[in-house]
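Comments concern the structure below.
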Amino acid sequence: MKKLNLIKWFFPLLLLYGCNSSGSTINTNNGDPVYQIDLKDCLRNTSVIKLSDIADNLQYIELKTPSSLPIGMVSNMIISNEYIFIASKATLYQFDLQGNFIRQVGNTGKGPGEYLYAGDLSINEDEKKISILSAGGLYSYSFDGTFIGRVPFGGFSDTMVEDSLIYASNIPFGKEKYRMVVLNKELETLAGIPNHNIFDAGGLSVMLSFRFRKPFYKYCDNIYFKGYQDNDTIWRLNGMRYKTHAVIDMGKYKYPEYRNVGEMRTMFTNFHQKKGDYYQINAAMEDNRFIYLTVEPYWNPDMGSPRLLFDKFQNIGVTAITESKDDGITDDILGGPAFWPRLITGNYSVSVTDAYDFIEKSQSLSTPSSQFKEFMQGIDEESNPIVTIVTLKTNKTFKN
């Protein structure tokens, strides 16, 4: 098991708020902040964001498995207080926080307690339980790998399981009543966010880019949702209620809504001919200071995939770049590749990178530290993926 952990202290960044603070906003929603994010301004304002400004330390961890069980491309991950769960090759694997292999969780297949693939993941920390969304249902396992049960469940591509409720959304096909639904464990629909863009897709599915997609995220024990076509809104969920948390002004980059299969075909033809350059927000995450937006082009790869940071206190959004113009946050702690979170949980911001990509990104680094070079000596293209765990700065005087 290869691990690099270097703690380096810096003059603390001033954090003026905790989980209950409002930050600097234009509107409020029943006393809660509603953040206003202008995409054009974020794209225009590029800035080199240093990891030391937001983090106390950084760990690079190579996931270690038996030689007979190599890990391929990671499709999903989630972290508990004790474990790292990695979905790869349709299977779920469990590691400790040092990257040591513990077990394969369940088996793939069609038998009792088996799942066809490991899709979306949810954790119940109190019950020490992980839920796996797969074809035909939600499969639950205890943290010791014991199969608990299956809730027959289909028709949704993303879920968040919270106590007795299931929050679920799907890739839009045009006629959904809701963008997101709230279900009980009996799969009865209790509530939902209405879908205002109902159209006749004529049997065609909506062709969107779902790279790094993550409609749900948690922050300060609250659940937030930003769906596939909801590129202008992040909602805060509370039981069967929801309220607007952030509004993103997409401006000229907002895709035109279509109402029938003819408009749909025309829009895709325009994409191919590059007559319309539109962005989509595939994922949103949040910590005490920033909202992180993962942006992808609908069609034109020349537009790039900018990574946006919105400062909730200063009400300013920027595109995070490194001095070498890579997208993401500069690792000035260990001098490694640019960082961008795939998951934020508690005080940790986490990403995972295939060894091949990690090596490729490391070859052009200008000032890698001696510790980083030492870590890389044990990494080759056959290595398992590299997990980057960043410990975020916190203000210890604030209470949630």
Exercise. Does a donor on one side chain and an acceptor on the other come within less than 3.5 Å for Thr65 and Asn384?
Worked result: yes
Has [X] got a side-chain atom pairing as donor or acceptor with [Y]'s backbone, closer than 3.5 angstrom?
| X | Y | value |
| --- | --- | --- |
| Asn282 | Glu296 | no |
| Ser88 | Gly72 | yes |
| Glu82 | Leu97 | no |
| Gln94 | Asp96 | no |
| Asn124 | Lys128 | no |
| Glu114 | Lys110 | yes |
| Asp163 | Leu165 | no |

[X] and [Y]: which non-hydrogen atoms are nearest, and at how many Å?
| X | Y | value |
| --- | --- | --- |
| Val151 | Lys185 | CG1-O, 4.0 Å |
| Ile234 | Ala284 | CD1-CB, 3.8 Å |
| Gly304 | Pro297 | O-CD, 3.2 Å |
| Pro341 | Met285 | O-CE, 3.0 Å |
| Thr159 | Ser122 | O-OG, 3.8 Å |
| Leu308 | Cys42 | CD1-CB, 3.9 Å |

Salt bridge or not for [X] and [Y], using N-O below 4.0 Å?
| X | Y | value |
| --- | --- | --- |
| Lys40 | Asp249 | no |
| Arg236 | Glu286 | no |
| Lys50 | Asp332 | no |
| Arg44 | Asp41 | yes |

Within the structure provided, determine whether [X] and [Y] are in side-chain contact (heavy-atom separation under 4.5 Å).
| X | Y | result |
| --- | --- | --- |
| Val34 | Val247 | yes |
| Val350 | Ile79 | yes |
| Trp340 | Tyr292 | yes |
| Asp56 | Leu392 | no |
| Met180 | Leu237 | yes |
| Leu63 | Phe101 | no |
| Ile281 | Thr294 | no |
| Gln314 | Arg289 | yes |

Rounded to the nearest 0.5 Å, what's the gap from [atom1] on [X] to [atom2] on [Y]? Could you check?
| X | Y | atom1 | atom2 | answer |
| --- | --- | --- | --- | --- |
| Lys177 | Asn195 | NZ | CG | 11.5 Å |
| Ser351 | Leu343 | OG | CG | 10.0 Å |
| Leu39 | Tyr279 | CG | OH | 8.0 Å |
| Leu334 | Leu58 | CG | CG | 4.5 Å |
| Phe339 | Thr353 | CZ | OG1 | 9.0 Å |
| Leu187 | Ile166 | CG | CD1 | 5.5 Å |

Is there a path from [X] to [Y] through hydrophobic residues (I, L, V, M, F, W, Y) whose side chains come within less than 4.5 Å of each other?
| X | Y | result |
| --- | --- | --- |
| Ile86 | Met73 | no |
| Ile223 | Val182 | yes |
| Tyr178 | Val161 | yes |
| Ile321 | Val390 | no |
| Ile379 | Tyr356 | no |

Look at the aromatic rings of [X] and [Y] and report parallel, tilted or perpendicular, splitting at 30° and 60°.
| X | Y | answer |
| --- | --- | --- |
| Tyr60 | Phe372 | perpendicular |
| Phe358 | Phe375 | perpendicular |
| Tyr35 | His245 | perpendicular |

For this session: Apply side-chain contact (heavy atoms from CB on, under 4.5 Å) to Glu381 and Ile359, showing your working.
Result: CA-CA 7 Å; Glu381 294 180 0; Ile359 292 171; 4.1 Å; yes
Problem set entry | Chi angles and distances behind the ring-ring contact (aromatic ring centres under 6.0 Å, His included) call for Tyr298, Tyr255 | CA-CA 8 Å; Tyr298 270 92; Tyr255 73 94; 5.4 Å; yes
Exercise. Given Asn238 and Asn222, is the side-chain contact (heavy atoms from CB on, under 4.5 Å) satisfied, shown in steps?
Worked result: CA-CA 7 Å; Asn238 182 11; Asn222 294 310; over 6 Å; no
Problem set entry | More than 12 heavy atoms from other groups under 6.0 Å of CD on Glu186 | yes
Exercise. Taking atom OH of Tyr348 as the centre, does the number of heavy atoms from other residues, nucleotides or ligands within less than 6.0 Å exceed 12?
Worked result: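 Not buried by this count: 12 neighbours or fewer within 6.0 Å.
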Exercise. Which hydrophobic side chains are connected to Tyr83, either touching it within the sub-4.5 Å cutoff or through other members that do?
Worked result: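 Traced through the cluster, Tyr83 reaches Ile78, Phe85, Leu92, Ile102, Val105, Tyr115, Leu121, Ile123, Ile130, Ile132, Tyr139, Tyr141, Phe143, Phe147.
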Exercise. Ring centroid separation for Phe216 and Phe225, is it under 6.0 angstrom?
Worked result: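 For Phe216 and Phe225, the ring centres are under 6.0 Å apart.
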